[in-house]
Structure formats: C-alpha cells, structure tokens
Novice: 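Structure incoming, see below.
Worth knowing before you read on, the calculation uses all heavy atoms, side chains too, and leaves out hydrogens, waters and symmetry mates. The first residue in the sequence is number 1, and the count goes up from there. Whatever order the structure lists them in is the order used to number ligands and atoms, beginning at 1.
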Amino acid sequence: MSRLIVVSNRVNPPADTGVGTTGGLAMALSAALREDKGLWFGWSGNTVEEYTGHISMQVVGGVTVALLDLEAQDENEYYNGYANRTLWPLFHYRTDLVNYERSFDEGYERVNIRFAETLLPLIGPDDIIWVQDYHLIPLGRELRRRGVKNRIGFFLHIPWPARRVLSTLPRHNELVESLFSYDLIGFQTGEDTEAFLDYAQHDANAEVCEDGVVKAFGNRSRVKAFPIGIDAADFATTLKSDKAEDYRKLMVKSQDGRKMILGVDRLDYSKGLEERFSAYETLLDKYPDLHGELFLLQIATRSRDSVDAYQDLRARLDTISGQINGAYATVDWVPLRYVNRPYRRDELAGIYRAAHIGLVTPLRDGMNLVAKEFVAAQDAANPGVLILSEFAGAAETMKEALIVNPLSREDVAEAIRQGLNMPLKQRKARWEALMENVETNDVSRWRDSFVEMLKTPIAELAEAG
Ligand code: GDG
C-alpha cells in the first residue's frame, strides 16, 4: 500500500490537546498523514554528543513521527549556518545579510546525507515522499544516490530568487541540479516558478516543455506553483471557541473605542517590521488628528535567536518602538503596543477578529499565512481592511487587499488612512472576494493538488497530452 512520507526539518504535529501554537500547515499535513497512515520524518530539535543515526518513533496526535537527533555541529552548520544564514537571507533578497562559509555548506550536505541514510530503511516500495523547504533541497538527490526509485516531490515555502540573485551563491548550479532529482518541484507563486525556469533555461540549459515538464541535467521534473492556504474550516471552528471570544472581548475592551491596527509576525527581517514602524510613525507625524484615536498592536514572536541578524533586529525594534512611544504617547494613550510573547491559536483568532486593519507588509515572503488568517477571522457584517505588501506571495491572488510597497513609508501610511476611512460597502465587497479565495484555496487543496500531481508519472502526463 502506498503511504505518504513527509520530510521536513522540524516535525510539529498538533498535540492531542488540539490548540497550542501549532500552525495550519502542521494541521494539514497531519490530517493527510493520519488518513494515509503515513509518516512524518525530521530532526527532533535535540542535539547529542555523538551522532548515532538512532531515530525515535512516536505517535503524536494520531500521526506517526520519526525523529532524528543531530550533533551540535550539525545545528550550527546546517540549521543556523547554511539554512538560516545563507539560504534564508539570499532567497529573501537580503544579499547584504548572507553569510557563506564552506563549513556551512559541508554541514548542509552532511545533514541531508544523514536524513537520507536514516530515512532509507523506512521507505516502502510504493511510498510517496514529499520533502519540505529549503533546509532539505539536496535530500532527493541523496535518496536517488542510494537507489530510491519512489516518487519524490519537493515544495519550497519561501520565495525562489531572481536568477542574478541566486548566482551570488557559490555552487548555485549544484543546488539547482539537485532539485532535478525530484519528480515534482512546487513553488508558492507563478513569479517564483518563472524565476526558477529563467535560471534553468539560462544557467542550466534546460528545455521547458509545454505541460510544465522541464528537462535538465539529464533528468525530467515537473515544475508548478501550488499556492499554500490556511485550514479555513479549522480556523472557523477555532474562531467560535470560548477562548477566541474571550480574547476578542478583551481586545475590544482594551481598545476603549480606538481603532486597532494589527501586525502578527515571526520576528524576522523579511517581515518588514522596522519599515512598518516607520510608516506608522509617518502616519502619526502627518495626521495629528489621529492621535488618541488608534493604536498599532504588533505581535512579534522571537525566532532564530542564535543568529546575529535576529538579535540585531530585535535590538533595533526595541529602540524604534521606544522612540515612537516616547515621542507620541500621552498619559492615557500608548500608540504602539509591541509584544514579543507568543499567543495560542485560539487567542490569536480572537485578536484578529477585533482588529480594524491587518497590516501585513513583508519585504519578501513566500506566501504569508497571516494575511489569510486575518481575512478568515473578520466579521462578515463589519470586516476589517487588509493592507498587504506587493512582495508577499499572497499578493498574487489577494488583489482586493490594499496593496502597498512596504519600502515606502508614505504609501503605507496613506493606505492605513484609507483603510480607516473606507466605507462599509467597500470593506464588505473587498472582504467577500478575499474570503472566497481563502476558503477555496485552502491548505487541503494545496496538499491534495500537490500529492495528486506527484502520484502521476510524467510519462502518463505526456501520453495524456
Ligand atoms: C513560511 C514562509 C509561508 C505567528 N505568531 C504566532 C503564531 N503565528 C503563526 C501565524 C501563522 C504563522 O505563524 C506564520 O506564517 P507565515 O506564513 O506568515 O510566515 P512564516 O513563519 O515565515 O512561514 C511563508 C509559510 O512558510 C507557509 O508556507 O507562507 O511565506 O516564510 O500561521 O498565525 N501562532 C501562534 N501564536 C503566535 O504568537 N499560535
């Protein structure tokens, strides 16, 4: 029987207790794995003195997970190094923050080999393997080198950069070559797919055939965009929970009649938080009549604390937020509420619902699920307004949002003003169109369409065509 095997850096199926901080992606993958009696394989997040290749199997929330421990050197070179100091900034167009060291590259390769070697004995002849994200690009190649003939797919959650940006990575051609070990390569957007094909044609002599099949490096892969969504049905249920309602009420009370602008992000330089704060400062500077009438609630949960760029960003955000409040706060009004602690999913749902404006202004983002969650949380009778960066993957389909250039503080400030003044009729019309998209293109559709295409051999596609 064919099983689905999902491989990702970290494995986080929802605990049996349901809520917690697990996101929609983990929920969706878990649902598929439960249905197929599948397996979720990845790093345990723990490091051991000496690598043994031992994997521990557990059942979490009905999903079978296989966890591998790594060494501290692996964590430094593969995770904090190549994944988060090299690929993450590069793929988000931050070449200024890219740190490239040979040891990172070696660690990345070593861990991908370790993943391949330990996964190998668990693979049955008909299993379908789905590899997730930039941490594991070479895994398909390593599995093929070890004789795996199964269908293997890869999905990139972050943007694929423009050709000349990617070319700044040493051994970029080898990284792309390794992708051609997969039967199916999935990206978030049409723009990412085009950028990949541009590279493949110009720098890898690839032949792009009509049905998305690309021939390069002696292999054939199918390349396609699969925009990820949220688990809309589950989100709707969460929104109806007592906890969500408690939090909505709590926020309405603390608003005290003021309009609430909301940002929810991992504390990451790709999310454009400094630029967002500056835009808000511009708004306050330009429109004194708004003082006391609104506030920005920015929830920014700490992430990747051991990487310097994240510590630097945190320090800068602490400073800017202090400056804004120092300059504009009064004894009875705090213009910026900047919060670093995480909230439970149900609490967050209630907070979203109470917001008048969702401010989602990343400088680059693969998709951005916060934009979709904000829409899903709104009251149909009186919805809030989504302000969305043109550089989020979500902007490709969420065209009814107020689309902004996050680098222009004036543009963003004006969009906030426009959102605050938007008549109910227009808010409803925009929201209805956005909501339809969020509900239709949800995470199950993303998962099912990817897995379905992965199951279809390229030869069959060619015959059908
Ligand atoms: C990567 C790509 C792509 C945030 N704070 C809390 C919390 N969150 C949840 C949000 C949302 C998720 O984290 C963030 O998702 P994003 O999509 O915005 O961003 P990344 O984490 O960077 O994800 C991104 C995504 O992968 C999926 O492919 O869209 O482009 O970068 O679900 O709600 N959740 C809880 N408490 C918090 O305080 N419970």
Side-chain angles (χ1 to χ4, degrees), residues 6 8-10 12 14-15 17-29 83-84 87-89 91-94 130 132-135 154-161 186-189 191-192 225-232 234-235 238-239 241 243-244 247 262-273 297-304 310 338-353 355 358-377 386 388-389 391-398 438 441-443 446-447 450:
V6 171
S8 54
N9 171 54
R10 293 297 302 275
N12 52 349
T17 49
V19 279
T21 53
T22 317
L25 173 62
M27 309 278 258
L29 291 174
N84 288 334
L87 292 183
W88 178 274
F91 281 36
H92 288 87
Y93 288 74
R94 291 300 302 268
W130 188 6
Q132 309 284 327
D133 230 356
Y134 60 102
H135 313 86
F154 175 82
F155 184 78
L156 185 70
H157 289 261
I158 65 175
W160 182 270
F187 295 104
Q188 296 273 27
T189 64
E191 188 184 329
D192 297 324
F226 296 88
I228 199 168
I230 62 165
D231 189 339
D234 178 76
F235 195 87
T238 304
L239 197 59
S241 65
K243 194 68 159 182
Y247 262 71
L262 175 67
V264 177
D265 305 80
R266 271 188 312 99
L267 209 163
D268 192 295
Y269 48 77
S270 67
K271 304 292 182 186
L273 294 167
L297 168 61
Q298 177 63 56
I299 298 176
T301 42
R302 289 165 60 167
S303 76
R304 302 178 195 167
Y310 289 73
Y338 176 50
V339 179
N340 290 138
R341 57 155 284 191
Y343 285 83
R344 289 161 47 116
R345 266 165 32 83
D346 45 9
E347 295 168 344
L348 205 54
I351 299 172
Y352 278 129
R353 180 138 180 137
L359 195 50
V360 182
T361 54
L363 305 181
R364 286 278 160 192
D365 218 329
M367 177 56 60
N368 195 298
L369 296 178
V370 169
K372 302 195 174 192
E373 290 166 359
F374 173 79
V375 167
L386 175 65
L388 180 61
S389 160
F391 304 121
E396 205 166 88
T397 48
M398 301 182 86
V438 168
N441 298 310
D442 73 346
V443 76
W446 167 78
R447 177 194 75 203
F450 188 98

Novice: Measure from NZ or CZ of R341 to the centre of the six-membered ring of Y343 and say whether it is under 6.0 Å with the direction within 45° of the ring axis.
Specialist: yes
Novice: Heavy atom under 4.0 Å from ligand 1: found in I228's side chain, backbone, both, or neither?
Specialist: side chain
Novice: If you count the atoms of ligand 1 from 1 in the order shown, which ones are under 4.0 Å from a heavy atom of Q188?
Specialist: 3 (C), 28 (O)
Novice: Just jot down the side chain to side chain contact (heavy atoms under 4.5 Å, CB included) partners of N9, sequence neighbours excluded, or say none.
Specialist: W43, Y78, Y79, H135
Novice: Within a radius of less than 6.0 Å around CD of E191, do more than 12 heavy atoms belonging to other residues, nucleotides or ligands occur?
Specialist: no
Novice: Is any N or O atom of I299, backbone or side chain, closer than 3.5 Å to an N or O atom of ligand 1?
Specialist: no
Novice: Would W88 count as a contact of ligand 1 if the rule is a heavy atom under 4.0 Å away?
Specialist: yes
Novice: Heavy atoms only, cut-off 4.0 Å: how does F91 contact ligand 1, side chain, backbone, both, or neither?
Specialist: neither
Novice: Y310 vs D268, test: side-chain hydrogen bond (donor to acceptor under 3.5 Å, both in side chains). Steps then yes/no.
Specialist: CA-CA 7 Å; Y310 289 73; D268 192 295; 2.7 Å; yes
Novice: List the residues meeting side chain to side chain donor-acceptor pair (under 3.5 Å) with D442, not counting sequence neighbours, and say none if there are none.
Specialist: none
Novice: Is it the side chain, the backbone, both or neither of D268 that has a heavy atom closer than 4.0 Å to ligand 1?
Specialist: neither
Novice: Please check whether G366 reaches ligand 1 - meaning an N/O of the residue sits under 3.5 Å from an N/O of the ligand, judged on distance alone.
Specialist: yes
Novice: So for E347, does at least one of its heavy atoms come nearer than 4.0 angstrom to any atom of ligand 1?
Specialist: no
Novice: Can you tell me if W446 has a non-hydrogen atom under 4.0 Å from ligand 1?
Specialist: no
